[in-house]
Amino acid sequence: MSDAPEALVLADVTHGYDSGTPVVRDVTLTLAAGEVVCLLGPSGCGKTTSLRLAAGLERPWAGPIRMGGRLVEGMDDDESGVRHLPPERRRVGFLFQDFALFPHLRVGDNIAFGLKGQPRARVAERVGAVLAAVGMADSVRAWPHQLSGGQQQRVALARALAPNPALLLDEPFSGLDTSLRRTVRDRALRVLREAGVAALMVTHDPEEAMFMADRIALMQAGQVVQLDTPMGLHRHPKSPFAVRFFSQTNEWAGRVRDGALDTPLGVFPASGLRDGAAARLLTRPQALVPTARTGAADILARVVSVRPLGHQTILLLTQETGAAGDLPLVACVPGPAPCAAGETIALRVEPQACFVFADDHGGEPADDRVPKRGPGVRAW
Ligand SMILES: Nc1ncnc2c1ncn2[C@@H]1O[C@H](COP(=O)(O)OP(=O)(O)OP(=O)(O)O)[C@@H](O)[C@H]1O
């Protein structure tokens, strides 16, 4: 373990705007030096506000903030007063969607802007180093308008990196088209890793968070509802929200009997839930795997439609469930379609992509990710 102080600490930070209702509640986050943490969640859940609080662009109602071991927001340790360091004194870089470079400054001068007050030779060395890190070493004398969007993005990243041990990024790649976005994102991640810079990044794109983050802080209605590694979130989601946010789901609501939930997709352990409790099964589309076998555990479903996406195929299915009627299902298989519309196929259910939760919906916000109650697929 490194002895370096934590790059950023938010401790029970709460903040709101004019309405008097908090939009960020008790957010606690600690970023180690060199760690990339993504704030992920639906629109309006408080991601940008959390970032603005860390930046010093907003003053929190409660909760201290520390950077590199320094108190930048909150009551001094000796309780002698309240501290608020302005953004420019926090030694933190910002990279926002609108990454505008200064059009009247050459690339090198754009980067040197944040290094004012340092010896000229040191500035030149740092400018060269960060430009090399983003693969733009040859552009030091170029004007911003001579660069493509992706190149400008890279210079903006270098500019944000130059003076700082930590970075705050707000949807930094969302203005780029898909293929450019992927390239710039790959490169940015490599640069962050090589520079050992801690980064707190806002995104609403689950795939981007899974790709970029060492840890993901999943936010819902102003709170961090799960803070985990990408794999931890994938394997052990703690709520229906944490499953639904990452993919479509097949769902079934029922009551726990003998410690399990009996559904048309099988019987699933309902650990921690008492008998008679309302419970909900959620499965990811990948949990339903077409199989050649027709064992007793397999389920039969009719293929309604096939949607090829290139690297994977979405299958829309219906399962006859007798009294409960037809149950719509969604499956996702790698590669091309293994079947055609109209066929009846057998499906095996992968238990590790199936999750049972209490069906109380406590605290679920009224957003479009909340499904209708009852059985069936959501997110169509
Ligand atoms: N300056 C402001 N004044 C008043 N309310 C605000 C202000 N900024 C944000 N809000 C409100 O605070 C809540 C959280 O907003 P925030 O921008 O932090 O969410 P977000 O998760 O970043 O959303 P998005 O993904 O849409 O950018 C929202 O309800 C928003 O309307």
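Remember, predicted model here, so these are calculated numbers, not experimental data. Whatever order the structure lists ligands and atoms in, that order sets their numbers, starting from 1.
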Check ligand 1 for close polar pairs with the protein: N or O on both sides, less than 3.5 Å.
from	atom 1	to	atom 2	distance (Å)
ligand 1	18 (O)	Thr49	N	2.9
ligand 1	18 (O)	Thr49	OG1	2.5
ligand 1	19 (O)	Gly46	N	3.2
ligand 1	21 (O)	Gly44	N	3.4
ligand 1	21 (O)	Cys45	N	3.1
ligand 1	21 (O)	Gly46	N	3.0
ligand 1	21 (O)	Lys47	N	3.0
ligand 1	21 (O)	Lys47	NZ	2.9
ligand 1	22 (O)	Thr48	N	2.8
ligand 1	22 (O)	Thr48	OG1	2.9
ligand 1	23 (O)	Gly44	N	2.8
ligand 1	25 (O)	Lys47	NZ	2.8
ligand 1	26 (O)	Ser43	OG	2.6

Would you give the length of the straight line joining atom CE of Met210 to atom CG of Asp205, rounded to the nearest 0.5 angstrom?
11.0 Å
What's the spacing between Leu218 CG and Leu233 CG if we round to 0.5 Å?
6.0 Å
Between the CG atom in Asp228 and the NZ atom in Lys238, the distance rounded to the nearest 0.5 Å is 6.5 Å
Carboxylate-amine/guanidinium contact Glu35 Arg215, below 4.0 Å
yes
Is it true that Glu73 and Arg90 have a side-chain N and a carboxylate O under 4.0 angstrom from each other?
yes
Please tell me whether Thr203 and Glu208 have a donor and an acceptor in their side chains that are separated by less than 3.5 angstrom.
yes
